[in-house]
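All remarks here apply to the structure that follows.
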Amino acid sequence: MDHSRAPVLDALADYRALGRYGFTPPGHRQGAGADPRVREVLGGALAADILATPGLDDRLSRGGYLNEAEELMADAVGADVAFFSTCGSSLSVKAAMLAVAGGVDGGLIVGRDSHKSIVAGLIFSGVRPRWVTPRWDAERHFSHPPSPEQVERAWADHPDAAGALIVSPSPYGTCADIAGIAEVCHRRGKPLIVDEAWGAHLPFHPDLPTWAMDAGADVCVVSVHKMGAGFEQGSVFHVQGDLVDTDRLKLCAELLTTTSPNVLLYAAIDGWRRQMVEDGEKLLTDALHTAERARTELDRIPGISVMADELLGVEASHDLDRMQVLMDVSATGATGYVIADWLREHRRIDMGLSDHRRILATLSMADDADTIDALVDALSAWRVQYRGEGSRPADIRVPSPSELQLQSVMNPREAFFGPQEVVPFEESVGRIAAEQVTPYPPGIPVIVPGELIDAAVVDYLRSGLESGMNVPDPADPSLRTLRVVAR
């Protein structure tokens, strides 16, 4: 196929060059009707914000711009089919779950390290999760993706499950053995869904972890805005093989998606695909060299340890995306929360993730010597001035793996929508959760609706909040109270 083309992007340029005008939404009319103060900030985006049909294309979509762009994307990465989404991978993964397991009694095998959007999909769909426990590094308070052997045991326990779903890469860059897990699923004639939101770049460079389609996944969902160069909310489904009905997947996506997709997101995905096909390997080669330099220099800062080899191995992760620079800061005596807040306030730098003992710098092909120098200089300056003020890692009471893995006693949908009551958080011990509780980032729920709450998790969340943890999704983000299933 001709990858020099970017059909959606080109059609958008033509729309503006031809001076088209629509008596249609959006009402700002390419910015003309917007407040001048809005235009001052958003002018370029407003000028390109037009209706998909009729607008970018005619009322019957006879130009076929989106279809051609999706075909080019599938060809670029070796998938059979690709669909664009403007509602983020949070929607895309829900559609994949519905397509594979919707209406199936056997449920879906799901890694318990899944993102909150997957739990939301379980609540929305009523699909019963058959949880696979992550592998825990108790010393470092870190979870690794499930192994093929764990997925094999899950299939033995739940042979009627409709398929399996895992997250890889994790928000930390750690990767599962997708090929091994796919083989386990395919031996039973069942599909594997991979939430690869953090892996949009993986198909375009041989030194990055193997991307899900090449490893045998049946459906793969990527977020172009995370490790690619798209707008926030830009997402792509990739599908291959015959274990997933692509028409059913598209219909499920239609149930969830907006009827007013943002053309800006489509155009950015389209243009990024062309960039990757033409220049991606060189851009990512340079980016990997930049990341290696960052890792070396950051690791020299006293008390900061850049994590790499300790994340890999038989009892750890299968591979690692080295564009994700994960730093253990526990030896400094500070939490990641303290460091992240200082960097934002004093150096205007935001970190990709922070937790009770780590910070993460998510690098991209946009980073260069200047951005790395700024990060190294900022962290070095923080280290020089830090004298132990603020919360320390020991202040957060991290449960053992057995305590952190709660027992699922009710379907998440039934718990979420059934009769509930609000109780003081400390009195939720021994009760069944009716809402999810998710430290964010990375967005992996500690409590899922339908799980039996234990005292260790309550202590962990309470001490985490006191030390700077962000828990935005409960009805009461302060966790003074929690919604539980009514007795």
Side-chain angles (χ1 to χ4, degrees), residues 140-142 169-174 197-198 201 223 225-229 232 287-308 310-311 320-396 398 438-444 461 463-472 477:
R140 298 181 178 87
H141 306 155
F142 194 88
S170 74
Y172 297 97
T174 53
W198 286 97
H201 58 319
S223 294
H225 61 277
K226 283 187 168 72
M227 300 300 290
E232 288 289 321
L288 286 164
H289 290 158
T290 298
E292 189 56 38
R293 179 186 163 218
R295 288 173 167 274
T296 300
E297 296 191 14
L298 290 165
D299 199 51
R300 293 183 181 135
I301 300 172
I304 293 179
S305 175
V306 175
M307 303 180 73
E310 61 268 52
L311 297 175
L320 177 67
D321 178 6
R322 294 175 189 270
M323 297 296 293
Q324 301 280 22
V325 183
L326 182 63
M327 292 164 271
D328 190 323
V329 300
S330 57
T332 69
T335 64
Y337 308 129
V338 167
I339 299 175
D341 289 348
W342 190 93
L343 291 172
R344 178 174 172 84
E345 179 180 355
H346 295 280
R347 292 302 180 100
R348 300 183 298 280
I349 289 175
D350 292 313
M351 301 305 292
L353 178 150
S354 59
D355 64 19
H356 66 288
R357 62 180 291 169
R358 284 169 285 264
I359 55 173
L360 176 76
T362 295
L363 304 187
S364 82
M365 60 188 184
D367 286 297
D368 57 18
D370 289 341
T371 64
I372 299 307
D373 287 346
L375 177 59
V376 172
D377 181 67
L379 274 171
S380 299
W382 169 82
R383 190 68 187 94
V384 168
Q385 64 81 45
Y386 183 69
R387 293 293 182 270
E389 301 86 354
S391 300
R392 295 173 177 271
D395 293 334
I396 300 180
V398 180
T438 310
Y440 205 94
I444 299 169
L461 290 167
S463 61
L465 280 168
E466 292 170 355
S467 297
M469 181 187 288
N470 178 34
V471 186

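Just so we're clear, the structure is a prediction, and the values are computed from it rather than from any experiment.
- Contact annotation: the side chain of D377 approaches that of R347 to within less than 4.5 Å [non-hydrogen atoms, C-beta and beyond].
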Exercise. Could you please spell out the steps behind the side chain to side chain contact (heavy atoms under 4.5 Å, CB included) verdict for M323 and T362?
Key: CA-CA 6 Å; M323 297 296 293; T362 295; over 6 Å; no

Exercise. Please test S354 against L360 for side chain to side chain contact (heavy atoms under 4.5 Å, CB included), starting from the C-alpha separation and ending with a verdict.
Key: CA-CA 6 Å; S354 59; L360 176 76; over 6 Å; no

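- Distance check, rounded to the nearest 0.5 Å: CG of L311 to CZ of R140 gives 7.5 Å.
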Quiz item: Do D355 and Y172 pass the side chain to side chain contact (heavy atoms under 4.5 Å, CB included) test, and can you show the C-alpha distance, the side-chain angles, and the key distance before you say yes or no?
Solution: CA-CA 11 Å; D355 64 19; Y172 297 97; 3.2 Å; yes

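- Rounding to the nearest 0.5 angstrom, the gap separating the OG atom in S380 from the CG atom in D373 is 10.5 Å.
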Practice problem: Start with the C-alpha distance between L379 and L343, add both sets of side-chain angles, then the distance that settles side chain to side chain contact (heavy atoms under 4.5 Å, CB included), and finish with yes or no. | Solution: CA-CA 8 Å; L379 274 171; L343 291 172; 4.0 Å; yes

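- A distance of 7.0 Å separates CG of L375 from CD1 of I359, quoted to the nearest 0.5 Å.
- A distance of 10.0 Å separates CG of D350 from CG of D341, quoted to the nearest 0.5 Å.
- When side chains are defined from C-beta on, T174 does not count as touching P169, because their heavy atoms never get closer than 4.5 Å.
- In this structure, M365 CE and H201 NE2 are separated by 10.5 Å, a value rounded to the nearest 0.5 Å.
- To the nearest 0.5 angstrom, I349 atom CD1 is 13.0 Å from I339 atom CD1.
- Annotation: salt bridge (Lys or Arg N to Asp or Glu O under 4.0 Å) contacts of D328 (sequence neighbours excluded): R357.
- P439 and M469 make their closest contact through CG-SD, 3.8 Å (heavy atoms, listed as atom of the first residue, atom of the second, distance).
- Side chains of D321 and M227 form a contact here, defined as non-hydrogen atoms less than 4.5 Å apart.
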